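Everything on this sheet refers to the single structure shown next.
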Amino acid sequence: MTLSAASPSINPLKALAQLSWPWRVTFIYLLFMLLLPLTALVLRASTVEPGEFWRIATDPVAVSTYEVTFGTALIAALINGVLGTLAAWVLVRYRFPFQKGLEGLIDLPFALPTAVAGLTLATVYSDNGWIGSLLAPLGIRISFTRLGVGVAMLFISFSFVVRTVQPVLQEIEKEVEEAAWSLGASRWQTFWKVLLPQLMTAILTGVALGFSRAVGEYGSIVIIASSIPFRDLISAVLVIQRLEQYDYTGATVIGTVLLLISLVSLIAINLLQAWGRRHEA
Amino acid sequence: MGITIEGVSKRFGDFQALYSTSLTIETGSLVALLGPSGSGKSTLLRLIAGLELPDTGRIWLTGRDATYASVQERNIGFVFQHYALFKHMTVRQNIAFGLEIRKASRAEIRARVDELLELVQLSGFGDRYPSQLSGGQRQRVALARALAVEPQVLLLDEPFGALDAKVRKELRAWLRRLHDEVQVTTVFVTHDQEEAMEVADQIVVMNQGRIEQVGSPAEIYDHPATPFVMSFVGQVNVLHPESVLSCQLPGIQGSQQVFFRPHDVVIETDPCSGGMAAQVQTVLHLGREIQAELLLQDGGSLWVHLSREQYAKTPIQRGQWVYVRPKAIKAFPPADKHRAVRNSSVFV
Amino acid sequence: MKLERHSQTGILPPSQPERPTPSQGAWVQWVLIGIVLVYIALLLGIPAVNIFYQAFKDGISPFFETLIQPDFVSALWLTVLTALIVVPLNTFFGIYAALAIAHKKFRGRTFLLSLIDLPFSISPVVAGLMFVLIFGRQGWLGDWLQAWNIQVIFAFPGIVMVTAFITIPFVAREVLPVLEEAGTDQEEAAKTLGANPWQIFWRVTLPNIRWGLLYGVILTNARAMGEFGAVAVVSGNIIGRTQTLPLFVEDAYKSYATPSAYGAAVLLSLLALVTIFAKEVLERRTSFR
């Protein structure tokens, strides 16, 4: 197999010469565009002495950004776990007017540049915006608060849940449900005991994808939030603030923490998907 | 010489797909590679095509050493089990593909495609896409595409495997006629012995990566070289060496395994006829013939087929005692026993 | 508000019920549809309409005034130029990667796929940071680059590199499943008919993957033009020089030039609309061929 290049005992240049062109291009491109930058970050982080690393990583401002970032992302992803599943259900099972338009709208967060998303969300949810002005009299302020961060994260993670659950729901055979009915299960029982267990991996995968995306989000949040520490400052913005102060070490440490969280989510998503395939023949 | 294969073998990882194999195929003949799945027949075909390269041995195509020639240089026609038509091209474009690669002129291509469409009886279908055709039609397009480049050798991998029974039957007869018309050296792979018998001049029976026998359909059926061939080509009764019936048969040594076909059995009701006593277990009327299962006294069982005339003469019934005498038996030394396929004596 | 009005009055019983359901009031269905419509309207619909409303609420002239601003023009040009370099580069790589991986089983396949997917899950800001750590003043190559007077960070090359990093997965991810589904039969058939690898690619493989490829290219382009976080880190946001369109939107908004921000936002939204529309059309193409 062509992958013998991975074994270190072989001269890498020689091994590369034996590969087919697609492999060569893939390896070289990934090496320079992906692995090199990744290594740069990891190496830079490893030059920071562990005690120092820990001190910067657990600095009160940093800790407050983790709390805002991960806490809000988790809540947003969970809310979308419920409402996204419901949206997938409605789109697959029911027919109603303007359904096509709705389908397109759901892809919007994938396609719309995040700066634009942040801009319009900040306007709509500001005190004199269309929605914000309705909430302001109730004392609820969204733009420039942690709630704004939450709205931006809801926006960014919604599509992931819908688009992960939808195909799975579509593939569930009608017979399975009919079998449950024939055994006397009501519609609710059928949903809870037959459908939901089959959807669970897809829902969790969607939530994990949405969470991972929300944690890394920068563009829309930097616009809708005021980025005040201990209030609505997120980790990604903190990285940029540190860089602007030429504090490379600070940026690297916070960046590494973010990277680790991304990798953990990625592994979790892969495990979830492997686990989801366990019933497949 | 059509195709000569000398000591060719092929291994995929831990699996020896083909042991050192030699075979000669005459120019213009129509040969079937017959065997169960995993017997190495498809591997042999793909080796001839150059879609795989052999680990050892050499391959000659029409007198030229083609062992290390690329697929493109071999000038072969290959028909895939699932047609492998180019989905984004019309029937005409599919058939013209090989000619365009060979830089034939437009007029030449048009004429040749028309000719081939006629040959495969799809004249009105040139502008359709593969998705608009039935399975049988797609297979004929695949054949036309392979024939368009006037290959030295036509190779077909389970050509009728994906079609339903009726279409398969029609296409077999059609392939036979086509070959008589085009006269190109043709090798096809099949696991269906009936198909091999019906279409091929020569049959190569393969099993577990080895060739068991090469011969005409009649030779294969009447003079099987190994227990495997006997049991794979047609139905068969197998007697264990310890069987009482076995030791009553003339010329059989104790340790030999005895094979005979269910229709090569004489059944009599007279106890003095010299046959072995057996009790009738079931009698099934299968239309053209009658199939019965008999239980021997030593516990072994036999299947017999009777023609309607035979049955009219000796109308056997369930529970009745009869006396059986196999004619045309085949005995094989026990060394071959492990290669005989016991299951193939199971009847439908 | 168009969408909101549907959610209040526009619900009709389904014209053709998908399946016979055991007795249960249709009201459940209406309530569920209602909840979803309200949620989507609040989160997606109203903000989407707002972009166009804000851009055109004072007529069409503020929009055109934005379009002729020199800062806007240079931002647009920079964005287009970046896409013109990144999209072909990643299309090329994506096709090669998909060709290398498709139809093969080897140890580390899942790992390689995860690696290609990595830019999806890494925060764009962290991606930008990585490049700063290599090419920045304090970075690996900082001294060397300075000695040669080459500027990567806070300059065009840096923008191109992070944008390329962010958009690595799209083409490979769209093409790979199409290749896997098409199988190797057609390519083998072309081989037996005498086609060389180049001919096989152009005449058999490419036509087979074209719609998936096109969608991958469109996604790459949308992301390349819309990327904000990673570009914000490396560009330095120098107006008129290293400011891309999304950065222009933020900058205009933060400096209270809201009409300009929305003018640029409308343009970027049109890009999103084209992307969504292309998805609809191309998905149907691939499934009905």
Side-chain angles (χ1 to χ4, degrees), chain A residues 1 3 6 22-23 25-26 29-30 33-34 37-38 40-41 44 83 86-87 90 93-98 102 104-105 107-108 111-116 119-121 123-124 130-131 154-155 158 174 181 187 212 215-216 218-219 223 236 239-240 243 248 251-252 255 258-259 262 265-266 270, chain C residues 6 10-12 14-15 18-19 22 24 29 32-33 35-36 39-40 42-48 50-51 54 93 96-97 99-100 106 108 114-115 118 121-126 129-131 133-134 138 140 164-165 168 222 226 228-229 233 246 249-250 253 261 265 268-269 272 275-276 279:
Chain A
M1 187 63 253
L3 264 195
W23 279 109
V25 171
T26 307
Y29 194 78
L30 285 182
M33 284 308 298
L34 226 146
L38 213 57
L41 180 66
R44 176 76 194 212
L83 287 167
L86 184 62
V90 164
R93 291 303 169 94
Y94 305 144
R95 292 290 160 264
F96 53 94
F98 304 103
L102 210 64
L105 215 49
D107 284 326
L108 191 68
L112 194 71
T114 54
V116 179
L119 173 70
T120 185
L121 286 174
T123 310
V124 169
W130 282 340
I131 299 172
L154 282 176
F155 179 91
F158 180 64
K174 191 181 162 185
W181 295 343
R187 258 207 325 195
S212 158
V215 163
Y218 170 78
I223 293 177
V239 171
I240 290 213
L243 271 179
Y248 277 34
T252 304
L258 272 180
L259 179 70
S262 309
S265 325
L266 193 69
N270 275 332
Chain C
H6 301 153
I11 305 161
L12 301 172
S15 43
E18 273 235 302
R19 56 194 66 211
Q24 190 142 34
Q29 178 178 336
L32 296 183
I33 294 175
I35 294 172
V36 169
Y39 185 65
I40 292 181
L42 288 177
L43 197 62
L44 308 172
I46 295 174
N50 177 61
I51 300 170
Q54 295 290 341
F93 162 75
Y96 266 123
L99 286 177
F106 52 88
S114 312
L115 205 61
L118 205 59
S121 38
I122 289 182
S123 169
V125 171
V126 176
L129 173 67
M130 292 174 182
F131 283 86
L133 291 180
I134 299 180
Q138 297 177 38
W140 274 3
F165 177 94
I168 281 178
F228 184 89
V233 176
V249 171
E250 190 220 4
Y253 177 70
L268 288 168
S269 307
T275 309
I276 292 171
K279 183 197 169 198

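This is a predicted model, so every value here is computed, not measured. Atom set for the values below is all heavy atoms of this structure, side chains included, hydrogens, waters and symmetry mates excluded.
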Quick one, A:Leu86 with C:Tyr39, criterion side chain to side chain contact (heavy atoms under 4.5 Å, CB included). Give me CA distance, side-chain angles, the key distance, then yes/no. CA-CA 11 Å; A:Leu86 184 62; C:Tyr39 185 65; over 6 Å; no

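Summarising the geometry, atom CD1 belonging to C:Ile51 is positioned 7.0 Å from atom CG belonging to A:Leu108; distances are rounded to the nearest 0.5 Å. Note that CG of A:Leu41 and CE of C:Met130 are 5.0 Å apart. Values are rounded to the nearest 0.5 Å. Of the inter-residue distances, the one linking A:Leu34 atom CG with C:Leu118 atom CG reads 6.0 Å to the nearest 0.5 angstrom. Atoms CG and CG, from C:Leu44 and A:Leu154 in turn, are 10.0 Å apart once rounded to the nearest 0.5 Å.
Between chain A and the options C:Gly226, C:Pro47, C:Gly229, heavy-atom pairs under 4.5 Å are most frequent for C:Pro47. Looking only at heavy-atom pairs under 4.5 Å with chain C, the residue among A:Leu243, A:Leu121, A:Leu119 that has the most is A:Leu119. For the set A:Ser212, A:Pro37, A:Ala115, the count of heavy-atom pairs under 4.5 angstrom toward chain C peaks at A:Pro37. Note on A:Leu259, A:Thr114, A:Ile131, A:Val215: by heavy-atom pairs under 4.5 Å with chain C, the leading option is A:Ile131. If you tally non-hydrogen atom pairs under 4.5 Å between each of C:Leu99, C:Ile276, C:Val233, C:Val249 and chain A, the highest count goes to C:Ile276. Contact tally against chain A (heavy-atom pairs below 4.5 Å) for C:Ile122, C:Val126, C:Asn50, C:Thr275: the top residue is C:Asn50. When each of C:Phe228, C:Phe165, C:Tyr253 is scored by its heavy-atom pairs under 4.5 Å with chain A, the top score falls to C:Phe228. Highest contact tally toward chain C, considering only A:Leu83, A:Leu258, A:Thr252, A:Asn270, is held by A:Leu83 [criterion: heavy-atom pairs under 4.5 Å].
The two atoms that bring C:Ala100 and A:Thr26 nearest to each other are CB-OG1, 3.9 Å, heavy atoms only. Heavy-atom minimum distance, C:Phe131 versus A:Met33: CZ-O, 4.0 Å. The two residues A:Leu30 and C:Phe93 come nearest to each other via the heavy atoms CD2-CZ, 3.7 Å. Summarising the geometry of C:Ala272 relative to A:Ala111, their closest heavy-atom pair is CB-O, 3.5 Å, with the distance given to 0.1 Å. Taking both residues in full, the closest heavy atoms of C:Gln138 and A:Arg44 are given as O-NH1, 3.7 Å, listed atom of the first, atom of the second, then distance. Closest heavy-atom contact between C:Ile134 and A:Ala40: CG1-CB, 3.4 Å.
A search for side chain to side chain donor-acceptor pair (under 3.5 Å) contacts involving A:Tyr29 returns C:Asn90, not counting sequence neighbours. With sequence neighbours excluded, the residues that form a side chain to side chain donor-acceptor pair (under 3.5 Å) with A:Thr123 are C:Tyr262.
Put simply, the side chain of C:Ser121 never gets that close to the backbone of A:Ser262: no donor and acceptor are under 3.5 Å apart.
For C:Ile168, the part sitting under 4.5 Å from any heavy atom of chain A is the side chain, from C-beta outward, and nothing else. Using a 4.5 Å cut-off between heavy atoms, C:Gln54 touches chain A through its side chain atoms alone.
For the pair A:Val116/C:Pro246, no side-chain contact is recorded, criterion being any heavy-atom separation below 4.5 Å from C-beta on.
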